[in-house]
Each structure stands twice: as structure tokens, then as C-alpha cells.
Amino acid sequence: MASPLPGLDRSRLHGLPQLGASAPLDPARAGIIHLGLGAFHRAHAAVHTARALAAEEGDWGIIGFANRSRSVVDPMARQDGLYSVLELSDAGTRADVVDVHRGFGVMAEDPEAVVREIADPHRRILTLTVSEGGYFVSARTGRLDVDHPALRADLEDPAHPRTVIALLARGLARRALGGEPFAVLPCDNVSSAGTTARAMVIEFLELTRAPQDVLDYVRDQVAFPNAMVDRIVPATSPGTSEQVGELLGRRDEAPVRAERFSMWVMEDLFPAGRPAWEHGGAIMSVQPGDVEKYEQVKLRILNGPHSLIAYLGALDGRVTIPASFEQDWIAEATLTLIRDENLPTIDLPSGFDVDGYIEDLTHRWHNHDLGHRTRQVGSDGSMRLPQRIPSPALFHLTSGRIPAMLALTAAAWFACVIPPRGFEPGEQARAMTDPDQARLQEIVTGAAPTTPAQHARLLLESGCLSEELAAHESFVELVGALLTTIVTSGPRAATTEALAASLKENR
Ligand code: CS2
């Protein structure tokens with residue numbers, strides 16, 4: 001039997017391709033806190049930060065907190081904070097060791113540690129990847145979701161915060177005592193994520209009757225830059241460690257895999273300083289308002305259509321995004337959604353090459369080596385689709401046109417995750433998870449609809465995408481008709497029907 005590979009640690013880094021500062025980073029002076037230490041952060045912001053540090057030194061080590069699980073923090077701590085990023089593209093496969101993390105914790109186990117870190121004047125920026133649900137925005141009101149049980153518990157007992165919004169509020173309140181400026185930089189696919197996070201934190205502070213000087217501090221001294229983040233990062237699989245082992249000759253227990261493409265555009269609002277991210281591949285200096293335009297590009301050209309590929313593909317039995325996107329009918333549906341329905345709703349950033357972005361994207365979706373799964377992209381639709389469907393759909397509906405590919409996205413989501421009684425969506429769809437699945441299922445079970453069209457109506461009228469959208473009868477009817485076709489004749493027939501109806505005038 002071959003002898004096991006040596007593990008990854010600082011004494012064995014020599015000769016490996018590395019990303020990070022050449023000078024040691026002092027954990028006590030690490031300038032960044034990250035909440036949500038998962039694969040995306042480690043393949044995206046951490047890589048850009050490590051590259052920035054390689055170009056220009058600074059106290060920008062990262063203290064990383066996982067949400068609940070120890071599955072990443074334990075091996076990373078054992079490996080001196082090191083891990084590798086396996087890059088898979090048709091330009092080849094490579095692995096680099098990233099060296100930028102200097103401390104670890106688990107939010108659910110020790111929330112007070114997060115509060116302490118935020119109050120520490122050496123920390124100057126907090127980055128966030130907590131997914132759409134972590135912002136606690138009500139899809140109904142656009143304000144803080146005060147009906148959410150976890151948030152309600154924090155509102156009742158703000159001294160023992162559990163949710164990210166309450167942790168931020170508590171941490172910033174303590175930091176206000178010293179008054180050092182700070183920046184909170186969200187890195188999730190949420191529209192105007194910085195502005196949104198700021199509004200939720202301030203609303204939380206107001207609802208919990210925070211002192212005026214704390215509110216003044218957060219309003220005046222804490223920046224919440226908006227940002228657009230883009231890199232496809234599938235979940236790490238057991239094969240990732242094997243591939244890294246072959247490339248680096250080391251045993252890495254916490255690798256991540258990603259495509260080659262990576263983009264990060266952010267507002268340059270960092271009152272306490274920042275890494276030289278412009279030297280680490282990020283775009284910093286854009287016109288005012290442009291970052292939000294980049295966010296819309298990302299949500300409507302990539303994320304929304306990505307969901308459509310995942311749901312149609314899963315219903316067609318496809319395991320991965322590339323296997324799904326290489327079906328002609330799925331590609332046609334996706335490109336019609338991008339070009340005809342979503343693109344006209346976007347105000348493009350100045351100088352942005354949208355055709356180039358779309359061309360790159362179709363290439364990225366063909367990446368078989370990456371093996372991004374339809375079940376992963378299709379999960380958490382109840383959190384993701386409210387960011388992806390209602391605004392562009394309303395843009396057309398209010399002008400009397402039918403956004404049929406957006407309706408198809410909703411119908412295919414229902415078919416996969418909250419299927420009508422008696423419809424079997426298949427193994428890939430069954431494997432999709434969603435925190436709201438049981439509640440949505442209950443809505444339809446309780447009302448016992450007799451047709452797929454009634455099933456779709458009940459779900460839409462529950463406001464699961466948006467109450468405003470559910471008030472458009474033509475949209476509700478079309479989602480019902482498309483769900484009926486999926487059930488009776490399959491996703492391909494429903495796609496043909498949607499393509500024929502796309503942007504027809506609604507008379
Ligand atoms: C995907 C994103 O799962 C999803 O919803 O659309 O995770 C997507 O891969 C990234 O945003 C790409 O930047």
C-alpha cells in the first residue's frame with residue numbers, strides 16, 4: 001500500500017504554489033472578520049485577499065467563523081489555516097494553497113466571540129457570506145422579517161444574539177464605545193446587499209431601543225459597501241481531496257474547487273482602510289451606482305437563468321448543470337430568458353461588455369470538470385427566487401407583456417420542490433432541499449387542490465415569490481398552465497409552450 005501523503009502545514013509549504021503574503025500575518029492584528037466560512041468565501045474573497053496581500057503587505061489576515069458546523073474550521077485549524085483551491089477549467093487543472101486565515105470560530109457555539117471580534121479595534125472590515133436567508137428581509141414587506149422565529153427570539157433577548165443581524169447589532173453597539181470606524185461588506189447574491197444589511201441592522205437596533213449614540217455611530221462611522229460577487233463554486237466532493245493530493249503531494253482535509261473565472265466589484269467605502277484588492281483582481285473604482293447595476297447583471301443574467309437550468313435539468317433527470325445546459329431546448333430557454341426577458345430590465349454599468357459576459361457564461365455553464373450539480377443550484381429556491389423572478393417579471397407585466405420564461409422558472413421550481421400530488425419529479429429534484437419546503441407543502445396539503453393549476457395558484461398567492469406578482473392574474477394563469485404541462489407531458493413540452501408565449505402582449 002502506498003504510504004499516506006504528508007498533511008498540509010506551514011512547515012511543509014516549500015515548493016508549493018501559494019497565494020498570500022510573503023511576510024507573516026499576525027493573528028492579533030488580523031484586519032478582517034468573516035462570517036459564513038464555507039466554500040464560496042474560501043474560493044472567492046479569501047483568494048482575492050491573498051492575491052492583494054501578495055502584491056501589497058498589510059494587516060489583513062482573516063478571522064473566520066462558520067455558521068454551525070465544525071467541518072471546515074477543525075481541519076483548517078489543524079492545517080495552520082491553510083487549504084487549497086482546485087481550479088478546474090479547459091485551460092487545465094491547478095491547485096494553489098491559500099494562506100490568509102488566522103483564527104477560527106463557530107457562530108452557533110460561541111456567538112459572544114463574534115461580538116468580541118467586532119468590538120476589537122484591530123478588526124476593520126467584516127465580510128459576510130451567509131446566503132440570502134441570513135439577511136432576514138421579509139419577501140412581503142422588504143423590511144426586517146420580524147415574524148421569523150429566530151429573529152423574534154433575538155428581538156426579545158438582544159443580549160444573547162443568534163442571528164447574523166443581531167450579532168452585527170450587538171457587536172457594533174460594543175464597538176461604538178471606542179468609536180473606531182468599520183466596514184461591513186456583504187458578499188451574497190442579494191440586491192443592494194450592503195444597503196440591505198445596513199437597513200436591517202439599523203431596524204434591529206431601533207426595535208431593541210438601542211441608545212442614540214449607538215445609532216449615530218452605526219449611521220456615521222460604519223460603511224456598508226455594496227458588492228457583486230461571481231465565481232461558480234460547487235460543494236467540495238471527496239474527489240477534490242484526491243485531485244489536490246495528486247497535484248500537490250499533500251493531504252488537504254479542507255480543499256475547495258472552483259472554476260477559473262472570478263469577479264468581485266465593490267463600492268470603495270472602507271473608512272478604516274482595506275487590502276489592496278485592486279491588485280488582487282477586484283474592481284474597486286466604478287461610477288456611483290454602478291455596483292448595484294453589476295449586482296443586477298449578476299442576478300438576472302447568471303443567477304436567475306442558473307435556477308431555470310437547474311430545475312428543467314433536474315426534471316429531465318440531469319445530474320449536473322453542464323449535462324442540463326447541453327440539451328438544446330434547455331439552452332434555448334435559458335438564452336431566451338437572458339436576452340429577451342431579463343436583459344431589457346437591466347440598466348447596464350458604464351462600459352460593461354454584456355455580450356462578452358454572456359458568451360463567457362455559456363462557456364462556464366459547459367464546464368463538465370466542475371460538475372456543479374442541479375440539486376445544489378436548485379436548493380433554497382424560496383430564499384433565492386424572490387431575488388431572481390419578481391422584479392424582472394413585474395417590469396414586463398406592468399407593460400402588458402408576459403414573461404413566460406420567468407413563469408416557467410416558477411413552474412419548474414414548484415414541480416421539483418413542492419410537486420403536485422401524484423407527480424414524481426425524479427431523484428435530482430427530490431434531492432433539492434429548502435428551509436421553507438415543509439411550510440409550502442402544508443399550504444397545498446391543507447387546501448387539497450384538485451389540479452396542478454390550482455396548486456400553482458395556492459403557492460403563488462401565499463406570497464412565496466412576491467405578493468405583488470401574485471396579483472397579476474395572467475402570470476398566475478401561465479404558471480398554472482406550465483405546471484400542468486410539466487405534469488402531463490414533461491418539462492420539454494412546457495418549455496416549447498413557454499417559448500411560444502414569451503413576451504406576447506397580454507390582451
Ligand atoms: C448559483 C450561484 O446556486 C446558485 O444559486 O446561481 O451560487 C452561482 O453559482 C454563483 O452566484 C456564481 O457566482
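Note: hydrogens, waters and symmetry copies are ignored here, and every other heavy atom, side chains too, is used. Just so it is clear, the model here is predicted, and its values are computed rather than measured. Just follow the structure's listing: the first ligand is 1, and inside any ligand the first atom is 1.
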What protein heavy atom sits nearest [atom], and how far away is it?
{"atom": "atom 7 (O) of ligand 1", "answer": "Asn189 ND2, 4.3 Å"}
{"atom": "atom 3 (O) of ligand 1", "answer": "Arg384 NH1, 2.8 Å"}
{"atom": "atom 13 (O) of ligand 1", "answer": "Asp230 OD1, 2.7 Å"}

Q. Arg364 to ligand 1: N or O pair under 3.5 Å?
A.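 Min N/O separation from ligand 1 is not below 3.5 Å for Arg364.
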If you measure every N/O of Gln376 against every N/O of ligand 1, is any gap under 3.5 Å?
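No - when backbone and side-chain N and O of Gln376 are compared with those of ligand 1, no distance drops under 3.5 Å.
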Number the atoms of ligand 1 from 1 as they appear, then name those within less than 4.0 Å of a heavy atom of His372, with their elements.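 Taking each heavy atom of His372 in turn, ligand 1 has 9 (O) under 4.0 Å.
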Notebook entry, point to check: Is it true that Lys298 lies under 4.0 Å from ligand 1, counting heavy atoms only?
Noted result: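 Yes.
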Close approach of His44 to ligand 1, heavy atoms, under 4.0 angstrom:
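It does not; every heavy atom stays at 4.0 Å or beyond.
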For [X] and [Y], test the side chains for any donor-to-acceptor distance below 3.5 angstrom and give the result as yes or no.
{"X": "Ser350", "Y": "Asp290", "result": "yes"}
{"X": "Thr485", "Y": "Glu497", "result": "yes"}
{"X": "His396", "Y": "His472", "result": "no"}
{"X": "Ser131", "Y": "Asp188", "result": "no"}

Inset, instruction - Inspect the contact between Arg364 and Glu259 and indicate whether a charged nitrogen and a carboxylate oxygen are less than 4.0 angstrom apart. - result: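 The answer is yes: the pair qualifies as a salt bridge.
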- Task: Please determine if Arg274 and Asp268 form a salt bridge, counting it only when a charged side-chain N lies under 4.0 Å from a carboxylate O.
- Result: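 Here Arg274 pairs with Asp268 in a salt bridge, since their nearest N and O are under 4.0 Å apart.
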Residues Phe65, Phe104; criterion ring-ring contact (aromatic ring centres under 6.0 Å, His included); working and verdict: CA-CA 6 Å; Phe65 285 89; Phe104 301 97; 9.3 Å; no
- Pick whichever of Val229, Asp188, Ile309, Asn303 has a heavy atom sitting closest to atom 8 (C) of ligand 1.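 The nearest heavy atom belongs to Asn303.
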From the options Arg388, Arg231, His306, Arg373, select the one whose nearest heavy atom is closest to atom 5 (O) of ligand 1.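 Heavy atom nearest to atom 5 (O) of ligand 1 belongs to Arg388.
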